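Remember, predicted model here, so these are calculated numbers, not experimental data. To find a chain, count down the sequence lines: A is the first, B the second, and so on, and within it residues start at 1.
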2 protein chains.
Amino acid sequence: MKTRDQILESADQLFYQQGYEHTSFSDIAKAVRISRGNFYHHFKTKDEILHAVIDLRANNTRAMLEEWESGHEDPMARIRCYLQILLTNGSNISLYGCPVGTLSSELAKLDHASQGDAVGIFTLFREWLGKQFSLLGCGSDADALAMHVLAWSQGVATLVNAFPDEAFVLREVNHMCAWLQARVSDPGKAGL
Amino acid sequence: MKTRDQILESADQLFYQQGYEHTSFSDIAKAVRISRGNFYHHFKTKDEILHAVIDLRANNTRAMLEEWESGHEDPMARIRCYLQILLTNGSNISLYGCPVGTLSSELAKLDHASQGDAVGIFTLFREWLGKQFSLLGCGSDADALAMHVLAWSQGVATLVNAFPDEAFVLREVNHMCAWLQARVSDPGKAGL
DNA sequence: GTCTATACCTGGATAGAC
DNA sequence: GTCTATCCAGGTATAGAC
C-alpha cells in the first residue's frame, strides 16, 4: 500500500478516535511509522489531510449506500440496513460516537472551513434516505422523514457514547423499525 | 462580580462555543481582560477550570429542573418544558450544538478524567425525566422513556447544528409532544 | 521518497515584583 | 490580587542531505 494511503487510513482512524484537533502530526507519523518530515511530502498542511479524509469517507459512504441499494429491492429493507449500523458498529459508537456527527460538530466549534464538506456526508445519507421514502410513496414528506431518521439515530449514538448500554441501542433500533413499519403502512396513525 | 466568577462565566461560554481543547488561557484571559499570570491565582490548571465549569453547569441544571417542577403540577407539562429548550435556545444550538452532548462527546474523545462529570449532567436530565414518567404511571418503562426522549432531543440538536433549519426543529418538537401524549394515554398503540 | 535538523509559534505553567 | 517576565513542551511547518 502506498504511504499516502496509509497516512490517510491512520488519520481517518485517529481523527475519529481522538478528534481532529487533538490528533497531531506526531500521532499520525507514529501510527504509520514514518518520520514527521516525510509527511509533508504527501500533504502540505493538516487541513489538507482533513480534506482528503473527508473525501475518503464520502466515497466510502457512497459505496456503502449503493451496496445497500443493490442488495435489497425493498426500500424498507434498505432503510433497515442503515439502522443496523448502530448495532454492527455498536462498540465503536459507544467509544467514539458517530463518525459523521462528531466530526461535523467538532468542525462547527472550530469554525473550520471544511465543516461544509463534513456536513456533505450527512447530506449523502439524507438524500439517500429521502429517496427510499419517496419510493415508499411518502412523496412530499420524504425529506422530513429522512431528517427524522437521521436525528433519531444520531441521538442514539450520542447517548450510547455517554451511557454505554447495548440494551438501550437494541431497544431503540427495534423501536425505529416498528415506527418505520407503522408509518409507511398507515401514515395517519403513526404521526409526522 | 468577583474575578473568579468572571473567569468561570467566560470559560463556560468559550468551552461551549469553541470547545474545551480549542479554548486557550489567552482566550479566556482576553475575554475577562486580565493577564494570563493572574489567572493562576484563581485556578491552578486548565482541568481545574473545566471541573469548576461542569460544576457550575450542573448546579444551573438542577435549579432549572426544580423550577420546571415547581412551575407545573402536570408531569406532562414539565416534560414539555424540557422539549421547549430546543426552540427557546434554538439559535445557540444551531450554532454550537447542545452544551451537554457536545462537551460529553468531546471529553470522550480526549479520554478526559472529567468525562464522567460531564455525563453527570446528562444523568440529571435522565433521572428527572424518569421521575416524571413514573408520575405518569409508566413505572417500569420510566427510565427507557427518559432515555428515548434524551436521545431524540440530542439528535435534533446535532442535526440542526449541521443543517440550520428552524422549521425542522419545530416539526420535531411537535412530533415529540404528540408522541408523548399518545404514549401516555395509550401505551400499547404508541409503541415502546 | 525518506530522513534529520531545525525554525518558529503557541500552549500550559511558574516565579517574583508590585 | 494583579502584573511582567520567563520556562518548557509540543505543535505545525520548512530546508536540505541522503
Side-chain angles (χ1 to χ4, degrees), chain A residues 1-56 102-103 106-115 117-118, chain B residues 1-56 102-103 106-115 117-118:
Chain A
M1 190 195 273
K2 292 274 201 315
T3 304
R4 201 194 127 98
D5 294 330
Q6 287 182 303
I7 293 174
L8 231 48
E9 196 187 339
S10 291
D12 183 17
Q13 219 182 339
L14 288 169
F15 289 171
Y16 175 41
Q17 296 173 349
Q18 313 187 334
Y20 169 66
E21 184 157 59
H22 190 59
T23 301
S24 67
F25 278 4
S26 308
D27 290 335
I28 305 174
K30 206 181 296 164
V32 185
R33 302 215 267 174
I34 58 169
S35 72
R36 275 183 305 161
N38 184 1
F39 222 101
Y40 289 85
H41 178 72
H42 302 280
F43 297 96
K44 277 161 202 49
T45 67
K46 198 181 173 185
D47 288 358
E48 213 172 278
I49 302 178
L50 176 61
H51 194 272
V53 165
I54 293 177
D55 227 58
L56 175 70
T102 55
L103 180 63
E106 180 182 1
L107 298 184
K109 297 219 189 225
L110 302 186
D111 206 13
H112 194 286
S114 291
Q115 208 239 338
D117 295 331
Chain B
M1 189 195 274
K2 292 275 203 311
T3 303
R4 200 194 128 98
D5 294 330
Q6 287 182 303
I7 293 175
L8 229 50
E9 196 188 338
S10 290
D12 183 16
Q13 219 183 336
L14 288 169
F15 288 173
Y16 175 40
Q17 296 173 350
Q18 312 186 338
Y20 169 66
E21 184 158 59
H22 191 58
T23 301
S24 68
F25 278 5
S26 308
D27 290 335
I28 305 174
K30 205 181 297 165
V32 185
R33 304 218 265 171
I34 59 170
S35 72
R36 271 186 307 161
N38 184 0
F39 221 103
Y40 290 85
H41 178 73
H42 302 280
F43 297 96
K44 276 163 203 49
T45 67
K46 198 180 173 186
D47 288 358
E48 212 172 277
I49 303 180
L50 176 62
H51 193 272
V53 165
I54 293 177
D55 227 59
L56 174 70
T102 54
L103 179 63
E106 180 182 0
L107 297 184
K109 296 218 191 225
L110 301 186
D111 206 15
H112 194 286
S114 290
Q115 208 240 337
D117 295 331

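Taking the six-membered ring where tryptophan is involved, the planes of Y40(A) and F25(A) are perpendicular, since the angle between them exceeds 60° and thus also 30°.
Atom-to-atom, CG of N38(A) to C1' of dT14(D) comes out at 14 Å; the value is rounded to the nearest Å. In this structure, I49(A) atom CD1 and dT12(D) atom C1' are separated by 11 Å, rounded to whole Å.
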Taking only N/O atoms, report every protein-nucleotides 9-11 of chain D pair under 3.5 Å with atom names and distance.
unit_1	atom_1	unit_2	atom_2	d
dG11(D)	OP1	S24(A)	OG	3.4

- request: Could you give me the CA-CA distance, side-chain angles and deciding distance for I34(A) and I7(A), then say whether side-chain contact (heavy atoms from CB on, under 4.5 Å) is met?
  value: CA-CA 9 Å; I34(A) 58 169; I7(A) 293 174; 4.0 Å; yes
field: Check against side-chain contact (heavy atoms from CB on, under 4.5 Å), L107(B) and L50(B)
entry: CA-CA 11 Å; L107(B) 297 184; L50(B) 176 62; 4.0 Å; yes
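Contacts between residues 2-18 of chain A and DNA chain D, defined by a heavy-atom separation below 4.0 Å, involve no residue at all.
In this structure A113(A) satisfies the side chain to side chain contact (heavy atoms under 4.5 Å, CB included) test with no other residue, sequence neighbours excluded.
Between L103(B) and V53(B), the closest side-chain pair of non-hydrogen atoms is not below 4.5 Å. Under the 4.5 Å side-chain criterion, counting only non-hydrogen atoms from C-beta, N38(B) is not in contact with V32(B).
Enclosure of atom NE2 in H112(A) by more than 12 non-hydrogen atoms of other residues, nucleotides or ligands within 6.0 angstrom is indicated.
One axis for each end of the helix from dG1(C)-dC18(D) to dC18(C)-dG1(D), each built from five base pairs, and the angle between them comes to 0° at 10° resolution.
Within the 3.5 Å criterion, the main-chain N or O of D117(A) finds no donor-acceptor partner in the side chain of S114(A).
On the nucleic acid side, DNA chain C has its first and last nucleotide under 4.0 Å of a heavy atom of chain B at dG11(C) to dT14(C), going 5' to 3'.
Here the shortest heavy-atom pairing between S10(B) and A31(B) reads OG-CB, 3.9 Å. Closest non-hydrogen pair, R4(B) versus A52(B), comes out as NH2-CB, 4.3 Å. Listed here is the closest heavy atom pair of S26(B) and R36(B): OG-CD, 3.5 Å. E48(A) approaches H42(A) most closely through the heavy-atom pair OE2-O, 4.3 Å.
Listed by first then second residue, pairs satisfying side chain to side chain donor-acceptor pair (under 3.5 Å) with a partner in residues 16-25 of chain A read Q18(A)-T23(A), Y20(A)-D47(A), E21(A)-H22(B), H22(A)-E21(B), S24(A)-D27(A), not counting sequence neighbours.
Each of H42(B) and D47(A) was matched to the nucleotide of DNA chain D holding its nearest heavy atom; the match closer to the 5' end belongs to H42(B).
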